[in-house]
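Everything below concerns the one structure shown next.
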Amino acid sequence: MQRTSFRGFFRIGPVLPAAAVASVVLATAASAAVPADVAHGVPAGARTPSARGCAVVYFDLGETLVHTAADSGISYLPGAAAYLRALRERHIKVGLITNVPSSWGKTDAERAAALKKAVDGAWKGPVPFAWKDFGDRILTPRTEAERKPAAVLWKRARAAAHGCRLVYQGETAEETYVAASLGYVAYRVGGPFRPAYLPVRVIECLADGSGRRA
């Protein structure tokens with residue numbers, strides 16, 4: 001499989017200018033907006049799983065959690081494996097909202113299986129990708145018209161949230177803007193002078209305010 005086409009499965013158009021970076025919006029009782037460079041100062045607010053509300057953290061895949069090297073090998077981006085492990089330890093569910101060819105299957109499950117095969121076949125990292133963490137929360141386009149940045153996949157994830165707070169983390173401003181417009185707490189990864197990913201303690205605070213108990 002050619003490198004150029006393989007990378008295209010996980011990415012969308014050009015990254016917007018740095019000035020268009022989406023800030024983190026923390027919806028509190030007062031619906032206050034908190035910039036990304038302030039978010040890491042939010043109190044931990046840790047709770048036991050039984051006392052905590054719920055949040056689901058969706059990610060883009062390529063250049064958000066994994067990197068495709070020049071030789072088409074794929075591995076975790078720095079800090080991604082540890083971040084997923086931290087979410088797992090706190091019983092925070094995760095999912096993927098990612099573009100793959102709609103021809104990869106008739107159902108989400110079929111397309112997810114094809115995605116796993118493609119990623120695992122090119123995997124170069126010492127630790128396998130944590131597919132089990134994502135369960136059936138791997139959303140992919142049913143048609144080419146549903147490809148991001150179309151809003152369809154985010155809407156499908158929202159419909160299945162059952163009252164949980166939704167977070168989306170990706171590497172492009174365009175995608176984070178769309179997610180934020182649909183009510184997600186959106187965080188653009190890879191930016192300078194801020195955490196690589198939305199701090200776990202912020203997600204715990206969001207879960208606490210979800211209105212639903214786990």
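- A donor-acceptor pair under 3.5 Å is formed between the side chain of Q169 and the backbone N or O of L198.
- Between atom CG of residue L61 and atom NE2 of residue H67 there is a gap of 13.0 Å, rounded to the nearest 0.5 Å.
- Connection of V200 to V189 is established within a shared hydrophobic cluster, with ILVMFWY side chains joined at heavy-atom distances below 4.5 Å, either directly or through further cluster members.
- A donor-acceptor contact shorter than 3.5 Å is absent between the side chain of K148 and the backbone of L153.
- Put simply, the side chain of Y197 gets close to the backbone of T64: a donor and an acceptor are under 3.5 Å apart.
- Residue K93 holds its NZ atom at 13.5 Å from CG of L87, rounded to the nearest 0.5 Å.
- Every residue meeting the side chain to side chain contact (heavy atoms under 4.5 Å, CB included) condition with D120, not counting sequence neighbours, appears here in chain and number order: K116, W131.
- Applying the side chain to side chain contact (heavy atoms under 4.5 Å, CB included) rule to A130 yields the partners Y76, R88, D133; only residues at least two apart in sequence or on another chain are considered.
- Formation of a donor-acceptor pair under 3.5 Å by the Y83 side chain with backbone atoms of A196 is not found in this model.
- The closest donor-acceptor contact from the side chain of R158 to the backbone of L182 lies under 3.5 Å.
- Residue L206 holds its CG atom at 11.5 Å from SG of C54, rounded to the nearest 0.5 Å.
- A search for side chain to side chain contact (heavy atoms under 4.5 Å, CB included) contacts involving A55 returns R165, I203, A207, not counting sequence neighbours.
- For R111, the salt bridge (Lys or Arg N to Asp or Glu O under 4.0 Å) partners two or more places apart in sequence, or in a different chain, are D108.
- Residues that satisfy the salt bridge (Lys or Arg N to Asp or Glu O under 4.0 Å) test with E110, not counting sequence neighbours, are absent from this structure.
- Remark: R137 CZ to R156 CZ distance equals 14.5 Å, nearest 0.5 Å.
- In this structure, the separation between OG1 on T68 and NZ on K124 is 12.0 Å, given to the nearest 0.5 Å.
- Remark: T143 pairs with A145, E146 by the side chain to side chain contact (heavy atoms under 4.5 Å, CB included) rule, at least two apart or across chains.
- With rounding to the nearest 0.5 angstrom, the OG atom of S103 is 7.0 Å from the CD atom of E144.
- Under the 4.5 Å side-chain contact rule for hydrophobic residues, W123 and L65 share a cluster.
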Run the numbers on E175 and Y168 for side-chain hydrogen bond (donor to acceptor under 3.5 Å, both in side chains), then give the verdict.
-> CA-CA 9 Å; E175 290 194 6; Y168 178 74; 2.3 Å; yes
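- With contacts defined as side-chain heavy-atom distances shorter than 4.5 Å, the pair I97/W154 qualifies.
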